[in-house]
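These notes are about the structure you will find just below.
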Amino acid sequence: MATNFLVHEKIWFDKFKYDDAERKFYEQMNGPVAGASRQLKAVLSGPPEALSQAAPGTSSGPGASGGPGGDHSELAVRIASLEVENQNLRSVVQDLQQAIARLEARLSMLEKSSPAHRATVPQTQHVSPMRQVEPPAKKAATPAEDDEDNDIDLFGSGDEEEDKEAARLREERLRQYAEKKAKKPLLVAKSSILLDVKPWDDETDMAQLEACVRSIQLDGLVWGGSQLVPVGYGIRKLRIQCVVEDDKVGTDLLEEQITKFEEHVQSVDIAAFNKI
């Protein structure tokens, strides 16, 4: 059963034969690669003199001018020359490292032997152990000191005089501060208001309406410029500007005073409000 099953399978049993044939074909096309590699190993393992002697012979041989073998031999010579240069550079670098190490050792010896270096080295000082200081004993009170204590006024008659002097100085400073503050001008908060006063109809006398509005006189109110702005259907409204002090005059008070002229004024609107 297994043999019959494998008969119908597409298995390449002879693939190794085709691989060998393909390898031999490419070896014939590219030349003796194995021989060139062995020659390269022999040249690299030999001394530099043999390499310098083999280089011109290899490059000028009969097989160097044509064929793949000549290319491989030329490549081997170039690689060998690079190896020689690499070895020479390594020896130069080692010599430089040894010279630098000797210079560093000499510099360190000179620094240690110089007197300036000795002066900079701090000398250790012997510090004696700290001794515990005993607090001074309280002296016994003498009879003279007892008499001085008895002379002290316990009722503080002198303190009362000092308190009066301090109170007088405090009152004087408060008075000076109050006078200084009174002389300083206070900042008054003001606002610029633009009012739109609308009449009842187009027959309203706008000059009379403006005169009525300007007749309002309040503390902290200053009227400014005005103009007539068309609304529609021949009706125009009065746009008037005023400056008020915020603490004295408000927008509600202005609207109340203007709307008292019921014969001319229909309504009042605030078109703009800006702080000064």
How far apart are the C-alpha atoms of T204 and Q266, what are their side-chain angles, what is the distance that settles it, and do they pass the side chain to side chain contact (heavy atoms under 4.5 Å, CB included) test? CA-CA 10 Å; T204 303; Q266 178 187 2; over 6 Å; no

Is it true that atom CZ of R106 has more than 12 heavy atoms of other residues, nucleotides or ligands lying nearer than 6.0 Å? no

Is it true that, when you exclude Q176 itself, more than 12 heavy atoms of the residues, nucleotides or ligands shown sit nearer than 6.0 Å to its CD? yes

Might you point out which heavy atoms bring [X] and [Y] nearest each other, and give the distance in Å?
X    : Y    : result
G224 : R214 : O-NH2, 2.7 Å
E263 : W200 : O-CD1, 3.4 Å
S191 : I276 : C-CD1, 3.9 Å
D196 : A271 : OD2-CB, 3.6 Å
E165 : R168 : OE2-NH2, 2.5 Å

State, with a plain yes or no, whether a side-chain heavy atom of [X] is found less than 4.5 Å away from one of [Y].
X    : Y    : value
N88  : V84  : yes
Y177 : R173 : no
S192 : Q241 : yes
Q87  : R90  : no
E210 : S226 : yes

Atom pair [atom1] ([X]) and [atom2] ([Y]), whose distance is rounded to the nearest 0.5 Å:
X    : Y    : atom1 : atom2 : answer
Q28  : R23  : CD    : CZ    : 11.0 Å
M109 : E104 : CE    : CD    : 14.0 Å
C212 : E262 : SG    : CD    : 12.0 Å
Q257 : Q217 : CD    : CD    : 11.0 Å
I235 : E203 : CD1   : CD    : 10.0 Å

Would you call K237 and D269 a salt bridge, taking side-chain N to carboxylate O under 4.0 Å as the test? no

Residues R175 and E172 bridged, charged N to O under 4.0 Å: yes

Could you work out the complete set of other residues in the hydrophobic cluster of V249, with links drawn between I, L, V, M, F, W and Y side chains under 4.5 Å apart? I193, L195, V197, M206, L209, V213, I216, L218, L221, W223, L228, L238, I240, V244, L253, L254, I258, F261, V265, V268, I270, F273

Taking the side chain from R78 and the backbone from S73, do they hold a donor-acceptor pair closer than 3.5 Å? no

Evaluate side chain to side chain contact (heavy atoms under 4.5 Å, CB included) for K198 paired with V231, printing each intermediate quantity in order. CA-CA 9 Å; K198 296 179 181 179; V231 178; 5.6 Å; no

